[in-house]
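Report on the following structure.
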Amino acid sequence: VAVFSKLARSCGLTRDLTEARRVHSYIVDNVCLRTNRFLSNLLIEMYGKCGSPDAARTVFNDIQHPNCYSYTVMLSAYAQNGHIHEARATFDMMHQRDVIAWTAMLSSYSANRYLDQAKKLFDCMPQRNTVSWNAMLQAYTENGDLQSALELFDQMPEKSLISCNNVICKLGHSGHPHQARSFFDQIPERDVATWTALVMAYIENGLLDDALSVFDRMPHCDVVGWTTVLVAFAERGELNEARLIHQQMPARDVVAWNAMIQAYAQRGQLEEARLMFDRTPKHDVVSATVMIAAYAQDGRSLSDAKAIFDSMGRSSRNVVTWNALVQAYVEAGDLNAAKATFECIPRPDVVSWNAMIAAYAQNDDLETAEEFYMKIPERN
RNA sequence: UUCAACGACUGGUAUCU
């Protein structure tokens with residue numbers, strides 16, 4: 001059980017559906033493991049993270065007596081994959097709902113842009129804890145309601161670091177770096193995420209000097225903080241600085257590598273980008289997508305883009321990867337291939353549709369563009 | 001360590017407009 005729970009967890013982290021199915025198949029072969037509710041709950045979570053809520057449901061249905069964990073992971077698996085109604089149905093199936101289930105449902109609404117539903121749920125929750133309040137705060141910030149977020153923050157019975165960090169982050173996104181700073185100065189305690197959020201607030205508002213002076217005063221900096229400034233330099237075109245940071249940071253995770261690949265790709269330095277890609281110890285779906293997008297924008301490296309795509313394995317691709325490949329064909333002027341690729345996308349999103357519409361429109365084929373436009377299932 | 005182990009909230013990287 002210990003071994004398989006580790007395996008299931010790692011499949012969830014890497015979002016590797018192929019590996020996930022393998023782990024599942026081993027478990028199914030053994031009666032003891034198959035009937036272990038603890039393991040089943042982990043499998044549901046794993047499949048949810050790997051983008052396969054249907055497989056998660058199969059596991060869920062085989063549990064004789066689902067507990068709160070089972071329902072909550074199932075609900076979250078649906079919500080993480082955009083199936084908010086199924087998530088709600090699962091929530092409604094529960095006999096006794098604890099505060100975690102309520103909060104998970106709240107976050108599900110929020111993540112799927114149902115702010116009103118989130119608020120309604122929050123108002124009628126039988127009990128709330130700090131996490132519930134933070135989830136509601138997050139609902140406001142991630143759905144663009146800064147005013148309500150600030151009001152809610154003031155009403156919070158208990159403000160945690162997470163609440164404060166959330167607000168600083170949102171103030172930065174809303175173009176208020178100085179408010180973010182005064183908020184930062186007022187709160188009783190800060191952690192590395194607080195500092196990074198403030199650095200980011202300055203960066204995203206073009207105040208690199210302020211960002212760096214805050215960065216220099218950070219008591220501790222982790223790989224996230226380092227990557228934040230790395231990207232700031234990269235986006236100003238200061239690749240040498242970015243590279244130095246990348247070399248000198250105390251540890252590099254896959255995000256730091258991806259950021260460096262993207263730094264080169266952004267400036268059209270494909271060879272350098274490729275070098276970084278090859279030196280990256282462990283790729284993830286973003287690493288590959290960055291490279292595909294890099295080759296795509298070049299317009300002459302279609303075969304390289306396709307090679308990366310083909311090397312990925314079906315289940316480690318996501319819709320962003322597919323969209324990047326579609327765009328590679330568009331940039332190369334091969335709309336037929338773009339269309340064929342588009343039709344292979346398991347779950348095309350708004351970006352996929354926009355890419356096709358824009359491609360035809362820019363090639364003066366307004367008729368086909370409109371055909372695509374008419375077929376979009378969900379517009380924004 | 002085994003009436004333990006699994007579920008909810010915040011900061012960094014990718015695709016179209």
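To find a chain, count down the sequence lines: A is the first, B the second, and so on, and within it residues start at 1. Side chains included, hydrogens not; waters and symmetry mates left out as well; all remaining heavy atoms used.
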Inspect the surroundings of NZ in K339(A) and state if more than 12 heavy atoms from other residues, nucleotides or ligands are less than 6.0 Å away. no
Is the ring centre of W133(A) less than 6.0 Å from the ring centre of F122(A)? yes
Salt bridge between K306(A) and D310(A), side-chain N to carboxylate O under 4.0 Å? yes
Is the gap between the ring centers of Y71(A) and F60(A) under 6.0 Å? yes
Expressed as a whole number of angstroms, how long is the span from L137(A):CG to G11(B):P? 11 Å
Provide the distance between the two C1' atoms, one in U2(B) and one in C6(B), to the nearest whole Å. 15 Å
Distance-only side-chain donor-acceptor flag, R34(A) / N30(A), under 3.5 Å: no
Pairwise distance CH2(W353(A)) to CD1(I376(A)) - rounded to 0.5 angstrom: 6.5 Å
Under 4.0 Å, counting only non-hydrogen atoms across every strand here, what does C68(A) touch: a base, just sugar-phosphate, or nothing? base
Each nucleotide in nucleotides 12-17 of chain B should get exactly one letter: B, S or -. Can you fill that in based on protein heavy atoms under 4.0 Å? BBBBBS
Can a side-chain donor-acceptor contact be found between S287(A) and D284(A) if the only test is distance below 3.5 angstrom? yes
Counting side-chain heavy atoms from C-beta on, which of A8(B), C9(B), U10(B) comes nearest to N165(A)? U10(B)
Could you tell me if the ring centre of W322(A) sits under 6.0 Å from that of F342(A)? no
Can you tell me how far C1' of G11(B) sits from NE2 of H220(A), to the nearest Å? 16 Å
Atom C1', compared across C16(B) and G12(B): separation rounded to whole Å: 23 Å
Test of understanding: with side-chain contact (heavy atoms from CB on, under 4.5 Å), list the residues that count as partners of A332(A), not counting sequence neighbours. L302(A)
Quick one, which residues of residues 182-195 of chain A touch RNA chain B with a heavy atom under 4.0 Å? V192(A), A193(A)
Rounded at 0.5 Å granularity, tell me how far CZ in R15(A) sits from OG in S10(A). 13.5 Å
State which residues pass side-chain contact (heavy atoms from CB on, under 4.5 Å) with H176(A); sequence neighbours excluded, sorted by chain then number. L146(A), L171(A), S174(A), Q179(A)
Is a donor from one side chain sitting under 3.5 angstrom from an acceptor on the other, for S163(A) and N134(A)? yes
Determine the contact category for N166(A): base if any of its heavy atoms lies under 4.0 Å from a base atom, sugar-phosphate if only primed atoms, P, OP1 or OP2 are that close, otherwise nothing. sugar-phosphate
What's touching nucleotides 1-6 of chain B from the protein side, N or O pairs under 3.5 Å?
unit_1: C6(B); atom_1: O2; unit_2: N41(A); atom_2: ND2; d: 2.8

Ordered by number, residues from residues 74-82 of chain A within less than 4.0 Å of RNA chain B (heavy atoms) are none
So with a 6.0 Å cut-off around CD of Q247(A), is the heavy-atom count from everything else above 12? yes
Distance, P atom - from A5(B) to U1(B), rounded to whole angstrom: 15 Å
Using a distance-only test with no angle check, is there a side-chain donor-acceptor pair under 3.5 angstrom linking N323(A) and D349(A)? yes
To the nearest angstrom, how far is Y140(A) atom OH from U10(B) atom P? 17 Å
